[in-house]
Every structure is written in structure tokens, then in C-alpha cells.
*Asks:* 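Below are the C-alpha cells for one structure; questions will follow.
Both backbone and side-chain heavy atoms feed into the values below; hydrogens, waters and symmetry mates do not. Just so we're on the same page: letters track the sequence lines, and every chain starts at 1.
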Protein chains: 2
Amino acid sequence: MQESATPGGAPRRRVGRPRSGVLDRELIARASLKLVTSGGYTALTMSAVAKALGVSPSALYNHVESKQELMQWIQEIVMDGVDSSAFATHPLEQALLRWAASYRDIFVDHAPLIPLIAVLPVSGSPRTLQMYEEVAAGFTRAGWKQSQIIPSIVAIESFIFGSALDATAPLDIFDPGANAGNIPHFEGALAAQRATGNNSAEDAFITGLRAMITGLLANAELD
Amino acid sequence: MQESATPGGAPRRRVGRPRSGVLDRELIARASLKLVTSGGYTALTMSAVAKALGVSPSALYNHVESKQELMQWIQEIVMDGVDSSAFATHPLEQALLRWAASYRDIFVDHAPLIPLIAVLPVSGSPRTLQMYEEVAAGFTRAGWKQSQIIPSIVAIESFIFGSALDATAPLDIFDPGANAGNIPHFEGALAAQRATGNNSAEDAFITGLRAMITGLLANAELD
DNA sequence: ATTACTAAATGAATGACGTTCATTTACTAG
DNA sequence: CTAGTAAATGAACGTCATTCATTTAGTAAT
């Protein structure tokens with residue numbers, strides 16, 4: 001992957017101490033995340049990031065290629081908050097429950113990243129890969145057939161992302177409004193769920209997560 | 001829901017035949033969907049829609065409040081393509097499998113709608129409500145406890161949306177690239193999945209869907 | 001027919017954005 | 001002291017969605 005060597009063989013710049021400059025990746029990423037935390041993703045504009053750093057918007061482009069890339073930096077930091085430690089200490093089923101809950105909780109606050117992540121190559125993020133390694137190790141130790149590990153992980157992740165999106169919905173999202181009347185089964189189910197007093201998104205997440213894990217364990221062929 | 005009657009009791013305009021005009025909701029929605037089908041969601045701009053209709057962009061705003069609303073119109077049409085007919089004819093498990101597969105397939109081509117839908121009140125769309133009615137009826141006939149129906153539906157939907165997003169990802173999304181080497185379990189799992197020759201997203205969807213349905217049925221308390 | 005009313009279309013303008021680029025600034029190495 | 005260079009600047013650009021004053025053209029009432 002190396003370019004052809006310098007023709008003269010002359011020694012090139014070696015060290016290159018940081019060339020002054022107010023900005024670097026870490027600073028930009030942190031400032032951006034701070035903006036997001038305080039004002040949500042609508043507050044994340046290149047101008048706002050620049051302003052927060054006391055710099056002009058165009059200056060950012062010496063360090064980041066695009067806003068997309070900036071969001072990938074944020075995603076890495078956010079992803080780092082997902083707790084996958086349980087795989088080293090707990091049986092697979094419980095580790096999965098903890099991991100998934102932590103994963104979802106974090107992305108509820110970062111829903112706009114989801115369409116990005118779902119499509120993002122994992123290669124750029126060592127910490128994310130490390131997470132996958134821990135999860136995969138958990139499955140392996142539980143005796144899973146190798147070829148079923150990735151599909152199982154991806155399935156759980158898909159459910160997590162969908163659930164995180166769902167959790168940002170308004171509470172009355174299912175209110176049939178003026179169209180009530182000819183949908184008796186649905187209305188009955190709705191009333192019964194409401195009567196439980198549970199938050200609907202939370203309820204669905206727990207129900208779905210338990211079901212998926214139960215089902216994966218039940219359907220799995222061990223090695 | 002009627003406003004107070006005209007004070008004088010005088011008869012007001014009755015009919016109101018369509019007031020001429022080139023545009024209406026149906027036309028705009030169809031033209032928009034056509035644009036999306038041919039050029040994806042990046043091709044969906046108000047200018048492009050207007051151009052397709054031979055009209056100026058501002059004219060659209062006499063009929064639609066915002067681009068968001070336009071996308072809701074599209075969503076309704078798209079949603080109408082989801083096949084929930086199996087609930088009337090098949091046992092719950094098979095009906096769910098068919099419904100979910102149809103649902104996902106459709107939204108793979110409309111991923112940008114997903115963040116919108118997940119958050120959208122269902123009240124505005126009679127056809128979508130009808131779909132929920134059919135699904136809810138399926139659960140009811142299978143003897144499910146009422147309070148568990150909504151969470152189960154939402155859980156499956158969350159998985160569907162997440163899977164649809166996932167399906168738009170590049171094939172090599174999990175390639176560890178330069179960070180390979182210290183993630184043996186993950187790499188092993190990856191290689192094994194690849195060796196099956198299955199498409200990873202498809203594999204995950206089938207695995208996850210089966211697992212979730214198996215798990216829901218296993219965990220369900222019947223009425 | 002003339003008049004009044006009104007839905008609907010126009011085209012110019014606005015305001016966010018992300019992004020580019022020629023130029024300047026200021027540090028570092030030889 | 002002289003290049004060389006990373007990084008910052010500020011003025012543009014282009015793309016959008018959206019607004020608004022104005023015009024156009026049907027319809028209903030006198």
C-alpha cells in the first residue's frame with residue numbers, strides 16, 4: 001500500500017510535531033457531541049461547531065472531510081458507551097439482555113445516527129470492532145455454531161435500532177383518532193395495553209428482546 | 001365536531017366543484033413516488049416534483065404543507081403495498097412470517113421513510129390502521145392475551161424497520177480491514193457466515209424473524 | 001354581462017446549510 | 001534568513017425548502 005519511494009532516497013520529514021492549529025479531531029468531535037447533547041441533532045451544523053470552537057466554518061474542513069465524517073466521529077464516541085462487559089462475566093442470555101438494553105438506551109438519544117450506522121463499514125472503528133469481538137466471544141463460549149453468530153448479532157442489532165427509533169415516537173402514536181370504530185380488534189388490544197400502565201415502547205422492547213433471545217437460543221444448533 | 005352554524009341561518013356555499021387547478025393530492029403523491037422509484041430519495045426535491053408536474057415549486061404549497069407531509073403521503077401509498085392478507089387465511093405463525101417479509105421488502109426500497117414512520121401518528125392513515133386491525137385480529141384469533149398484542153406487533157415492526165435499514169448496507173460492512181488480528185472470535189464467525197454463501201442481511205432477517213416469532217409464541221400467555 | 005369572490009399558479013426573494021477556494025497567517029526545519 | 005507547509009480566513013457558491021405579494025382564471029350572485 002506504500003507509494004513508490006522518494007526518487008532521491010533523501011530522508012523525508014520524520015516527526016512533524018503538531019503544527020500548531022487550534023483544531024484537531026478530538027476537539028471537533030467533543031465539541032460536536034456537546035452541541036448534540038445540549039440541543040439535539042438539529043443543533044449540529046458546521047457553523048455551530050465552528051462557533052463553539054471559536055473558529056470559522058471553513059477551518060473545520062482542514063480536519064474533517066464532510067459532515068458525514070463528523071457524524072461518524074460522534075458515532076464512535078457514542079458507541080463507546082455501549083456496555084458489552086457482561087459477556088465476560090455472565091451467561092449468554094443475561095449478557096445479551098444487558099448489552100442490548102445498554103445499546104438501545106444510548107441510541108434513543110442519538111436516533112439520527114441510526115440510518116448512518118446501519119450502513120457504515122465497521123472497519124474504521126476499532127472500538128466498535130472490539131465490542132463485536134466481545135459479543136462474538138460470548139456466543140462462541142456458549143457453544144454456538146460459528147455460522148450462526150453473525151446473523152444472530154445482526155438480528156439483535158436490527159431490533160435494537162428499530163426499537164430506538166420507535167422509542168422517539170410520541171406516546172399517542174397509535175391513537176386511531178377519527179378513524180376509530182371499524183377496527184375493533186386493534187382498539188381492544190390498544191386499550192388492554194394502555195390499561196397495563198406500561199410505556200408502550202418500553203414494553204415492546206422488553207417483550208421483543210426476550211422473545212428474540214428466547215427464540216435464538218431455542219433455534220440455535222450448537223457446535 | 002361541527003363548527004357553530006352560520007349566525008343568520010343563511011344557506012352557505014354547498015357544492016364546490018373542484019375549483020379547476022392542475023394539482024391535487026393524488027397527482028402530487030403519485031408524481032413524487034414516481035420520482036423516488038426512478039431516482040431514489042435524493043431525487044425527491046420540491047423543484048423536481050414541480051417540474052414533473054409542469055408547475056412551479058411554490059404552487060405545491062397550495063396543496064401540501066411541507067415536504068414532510070408530502071413524504072407522509074408517499075408513506076401511505078407505500079404502506080398500502082404491505083401484504084397482510086395472510087392473517088385471514090393462515091395460522092398466526094405463518095401469517096406473521098409472510099406479513100413481516102412483505103413489510104420489510106417494501107421498506108428496503110424506502111429506507112428514508114423509516115425514521116419518519118417510526119415517529120408518525122397512525123391516525124392519519126386509514127389504510128395503515130386497517131393493516132393493524134388485520135394483524136391484531138390474527139393475534140386475537142390465536143388466543144392471545146389482549147395486553148400482549150400491541151407490544152408484540154411493535155416489537156416485530158421495530159425489527160422490520162431495523163432490518164430494512166440494515167439491508168441497505170454494503171455487503172462488506174463487517175470487513176475488519178486494517179483492524180483485523182486481535183478479534184479472533186469475530187473474524188471466525190465472519191468467515192463462517194461468509195462460507196455459507198448467504199447474503200448477510202437476508203440471513204439475519206430470516207434468523208431474527210424466526211427467532212422473534214418463536215420466542216413470542218413461546219413466551220405468550222394465552223387468554 | 002358585470003361584479004365580487006376565491007382557489008390556485010407564478011416568480012422573485014429569503015434564509016439555512018454544506019462546501020469550495022484563493023489568500024493569508026504563523027509555525028518549523030534547514 | 002529562507003523556504004516550506006499546516007491551518008485559518010472570509011468571501012463566495014449551489015442546493016434546498018419555504019414565503020409572499022401579485023396575477024390568473026374559474027364560479028356564483030346581482
*Asks:* So does B:Arg25 pair up with B:Glu76, basic N to acidic O under 4.0 Å?
*Replies:*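 Here B:Arg25 pairs with B:Glu76 in a salt bridge, since their nearest N and O are under 4.0 Å apart.
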*Asks:* Give the rounded distance in Å between these two atoms: CE of A:Met46 and C1' of D:dT15.
*Replies:*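 After rounding, the gap between these two atoms is 17 Å.
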*Asks:* Would you mind telling me which residue lines up with the more 5' stretch of DNA chain C, A:Lys67 or B:Ala59, judged by nearest nucleotide?
*Replies:* B:Ala59
*Asks:* If you check every side-chain atom of B:Thr45, which of C:dT20, D:dC16, C:dT10 has the closest atom?
*Replies:* D:dC16
*Asks:* A:Glu65 CD to C:dG18 P: how many Å, rounded?
*Replies:* 16 Å
*Asks:* For B:Leu44 and D:dT18, what is the distance between atoms CG and P respectively, to the nearest whole Å?
*Replies:* 11 Å
*Asks:* NA contact type, B:Leu70, heavy-atom cut-off 4.0 Å: base, sugar-phosphate, or nothing?
*Replies:* nothing
*Asks:* Tell me, with the steps shown, if B:Glu187 and B:Arg194 meet salt bridge (charged side-chain N to carboxylate O under 4.0 Å, His left out).
*Replies:* CA-CA 10 Å; B:Glu187 285 188 278; B:Arg194 282 195 182 133; over 6 Å; no
*Asks:* Among the nucleotides C:dG11, C:dT19, D:dA8, which one has an atom lying closest to any side-chain atom of A:Val55?
*Replies:* D:dA8
*Asks:* Does the pair A:Arg104/A:Glu202 count as a salt bridge with the N-to-O cut at 4.0 Å?
*Replies:* yes
*Asks:* Rounded to the nearest angstrom, tell me the gap between atom NZ in B:Lys51 and atom P in C:dT10.
*Replies:*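 It is 14 Å, rounded to the nearest whole Å.
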*Asks:* Ignoring hydrogens and angles, are the base of C:dA7 and the side chain of B:Asn62 linked by a donor-acceptor pair under 3.5 Å?
*Replies:*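 Between C:dA7 and B:Asn62, which were checked side chain against base, a qualifying N/O pair under 3.5 Å is absent.
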*Asks:* Given D:dT9, C:dT19, D:dT18, identify the nucleotide with an atom nearest to the side chain of A:Ser58.
*Replies:* D:dT9
*Asks:* Could you check B:His185 against A:Tyr132 for ring-ring contact (aromatic ring centres under 6.0 Å, His included), going step by step and ending with a plain yes or no?
*Replies:* CA-CA 9 Å; B:His185 297 95; A:Tyr132 285 123; over 10 Å; no
*Asks:* Can you identify which nucleotide, out of D:dT9, C:dG11, D:dT18, has its nearest atom closest to the A:Ser56 side chain?
*Replies:*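 The listed nucleotide nearest to A:Ser56's side chain is D:dT9.
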*Asks:* Could you state the atom-to-atom distance from CG of A:Leu60 to P of D:dA8 in whole Å?
*Replies:*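 To the nearest whole Å, that distance equals 9 Å.
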*Asks:* Can you tell me the distance, in whole Å, between the OH atom of A:Tyr61 and the P atom of D:dG10?
*Replies:*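 The distance from OH of A:Tyr61 to P of D:dG10 comes to 17 Å, rounded to the nearest Å.
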*Asks:* How long is the line joining OH of B:Tyr41 and P of D:dC16, in whole Å?
*Replies:*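 It is 17 Å, rounded to the nearest whole Å.
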*Asks:* Do other residues, nucleotides or ligands put more than 12 heavy atoms under 6.0 Å from B:Arg210 CZ?
*Replies:* no
*Asks:* Grab the NE2-C1' distance between A:His63 and D:dA7 for me, whole Å please.
*Replies:*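 Value for this atom pair: 6 Å.
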